[in-house]
Visitor: 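Have a look at this one before I ask anything.
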Amino acid sequence: MLILKDHQFTPAAVTVPAGERFRIEVENRDTTPAEFESSDLRVEKIVVPGGKIVVNAGPLKPGTYTFFDDYHPDQAKGTLTAVAGKAQE
(Lines give C-alpha, C1' and ligand atoms only; values in the text may rest on other atoms or scores of the structure.)
Protein backbone atom coordinates (compact mmCIF):
# COMPACT_ATOMS: atom_id res chain seq x y z
CA MET A 1 0.00 0.00 0.00
CA LEU A 2 1.14 3.54 -0.78
CA ILE A 3 0.30 6.22 1.78
CA LEU A 4 0.08 9.84 0.64
CA LYS A 5 0.66 12.24 3.54
CA ASP A 6 2.09 15.76 3.57
CA HIS A 7 2.23 15.47 -0.24
CA GLN A 8 4.72 12.58 -0.05
CA PHE A 9 4.34 8.92 -1.00
CA THR A 10 5.40 6.32 1.57
CA PRO A 11 7.10 4.20 0.52
CA ALA A 12 8.51 6.24 -2.35
CA ALA A 13 9.81 3.09 -4.04
CA VAL A 14 7.76 -0.05 -4.74
CA THR A 15 8.88 -3.35 -6.20
CA VAL A 16 6.58 -5.66 -8.19
CA PRO A 17 7.13 -8.86 -10.16
CA ALA A 18 7.88 -8.36 -13.86
CA GLY A 19 5.62 -10.16 -16.30
CA GLU A 20 2.65 -10.34 -13.90
CA ARG A 21 -0.40 -8.22 -13.23
CA PHE A 22 -0.31 -6.48 -9.84
CA ARG A 23 -2.42 -4.32 -7.56
CA ILE A 24 -1.43 -1.29 -5.53
CA GLU A 25 -3.64 0.47 -3.00
CA VAL A 26 -3.16 4.21 -2.55
CA GLU A 27 -4.50 5.92 0.59
CA ASN A 28 -4.68 9.72 0.76
CA ARG A 29 -4.17 10.91 4.34
CA ASP A 30 -3.95 14.56 3.30
CA THR A 31 -6.82 17.04 3.61
CA THR A 32 -6.66 17.89 -0.10
CA PRO A 33 -7.39 15.74 -3.17
CA ALA A 34 -4.54 13.95 -4.91
CA GLU A 35 -4.17 12.36 -8.31
CA PHE A 36 -2.10 9.21 -8.62
CA GLU A 37 -0.67 9.49 -12.10
CA SER A 38 1.89 7.62 -14.17
CA SER A 39 2.47 8.01 -17.89
CA ASP A 40 4.68 4.91 -17.69
CA LEU A 41 1.87 2.80 -16.19
CA ARG A 42 -0.88 4.56 -18.17
CA VAL A 43 -2.91 5.32 -15.06
CA GLU A 44 -4.51 8.47 -13.71
CA LYS A 45 -6.84 8.27 -10.69
CA ILE A 46 -8.08 10.91 -8.25
CA VAL A 47 -7.89 10.09 -4.54
CA VAL A 48 -10.21 12.17 -2.36
CA PRO A 49 -9.00 13.33 1.08
CA GLY A 50 -9.16 10.35 3.44
CA GLY A 51 -9.96 8.05 0.51
CA LYS A 52 -8.39 4.97 -1.03
CA ILE A 53 -8.08 3.74 -4.59
CA VAL A 54 -6.85 0.53 -6.15
CA VAL A 55 -4.58 0.53 -9.18
CA ASN A 56 -4.40 -2.66 -11.25
CA ALA A 57 -1.58 -2.69 -13.77
CA GLY A 58 0.93 -4.84 -15.60
CA PRO A 59 2.32 -7.03 -16.73
CA LEU A 60 5.46 -4.94 -17.01
CA LYS A 61 8.86 -5.59 -18.49
CA PRO A 62 11.73 -5.40 -15.98
CA GLY A 63 12.61 -1.77 -15.33
CA THR A 64 11.78 1.32 -13.32
CA TYR A 65 8.56 3.29 -13.81
CA THR A 66 7.65 6.65 -12.27
CA PHE A 67 4.47 7.88 -10.58
CA PHE A 68 3.46 11.19 -8.98
CA ASP A 69 0.60 13.26 -7.57
CA ASP A 70 -0.48 15.46 -10.45
CA TYR A 71 -1.60 18.18 -7.98
CA HIS A 72 1.85 18.25 -6.30
CA PRO A 73 4.25 16.83 -8.92
CA ASP A 74 7.38 18.43 -7.42
CA GLN A 75 6.71 16.98 -3.95
CA ALA A 76 4.84 13.70 -4.32
CA LYS A 77 6.67 11.31 -6.59
CA GLY A 78 7.97 7.81 -6.55
CA THR A 79 9.15 4.82 -8.52
CA LEU A 80 7.89 1.34 -9.18
CA THR A 81 10.47 -1.25 -10.15
CA ALA A 82 9.46 -4.45 -11.93
CA VAL A 83 11.93 -7.26 -11.27
CA ALA A 84 12.17 -10.82 -12.55
CA GLY A 85 11.33 -13.41 -9.91
CA LYS A 86 9.56 -12.73 -6.60
CA ALA A 87 8.89 -9.17 -5.48
CA GLN A 88 7.03 -7.34 -2.75
CA GLU A 89 4.72 -4.34 -2.81
Visitor: CD of Glu27 to CZ of Phe9: how many Å apart, nearest 0.5 Å?
Guide: 12.5 Å
Visitor: Looking at every heavy atom in both Arg21 and Gly58, which two are closest together, and how far apart are they?
Guide: NH1-O, 2.6 Å
Visitor: Is there a side-chain contact between Ile24 and Leu2 in this structure, where contact means two heavy atoms from C-beta onward sitting under 4.5 Å apart?
Guide: yes
Visitor: Determine yes or no for a side-chain-to-main-chain donor-acceptor pair under 3.5 angstrom, with Asp6 supplying the side chain and Gln8 the backbone.
Guide: no
Visitor: Taking the ring of Phe36 and the ring of Phe68, is the distance between their centroids below 6.0 Å?
Guide: no
Visitor: Testing the basics here: between His7 and Thr32, what is the closest heavy-atom pair and its distance to 0.1 Å?
Guide: CE1-OG1, 3.4 Å
Visitor: Under a 4.5 Å cut-off applied to non-hydrogen side-chain atoms, are Ile3 and Arg29 in contact?
Guide: yes
Visitor: Return the minimal non-hydrogen interatomic distance between Ala18 and Ala84, and the atom names on each side.
Guide: CB-N, 4.0 Å
Visitor: Would you indicate whether the side-chain heavy atoms of Tyr65 and Thr79 approach each other to under 4.5 Å?
Guide: no
Visitor: Which salt bridge (Lys or Arg N to Asp or Glu O under 4.0 Å) pairs, counting each pair once, include a residue from residues 35-48, with sequence neighbours left out?
Guide: none
Visitor: What heavy-atom pair brings Val54 and Glu25 nearest, and what distance separates the two atoms?
Guide: CG2-CG, 4.0 Å
Visitor: Minimum heavy-atom separation for Pro33 to Pro49, with atom names?
Guide: N-CG, 3.7 Å
Visitor: Once rounded to the nearest 0.5 Å, what's the spacing between atom CD1 of Ile46 and atom CG of Asp70?
Guide: 9.0 Å
Visitor: Rounded to the nearest 0.5 Å, what separates atom CG in Leu60 from atom CG in Leu80?
Guide: 6.5 Å
Visitor: Compare every heavy atom of Pro73 with every heavy atom of Tyr71, then report the nearest pair and how far apart it is.
Guide: C-CD, 3.5 Å
Visitor: Flag the pair Asp30 / Val47 as yes when at least one side-chain heavy-atom distance between them is below 4.5 Å, and no otherwise.
Guide: no
Visitor: Contact between Asp69 and Leu4 at the side-chain level, heavy atoms closer than 4.5 Å - yes or no?
Guide: yes
Visitor: Any side-chain heavy atom of Thr81 within less than 4.5 Å of one from Val14?
Guide: no
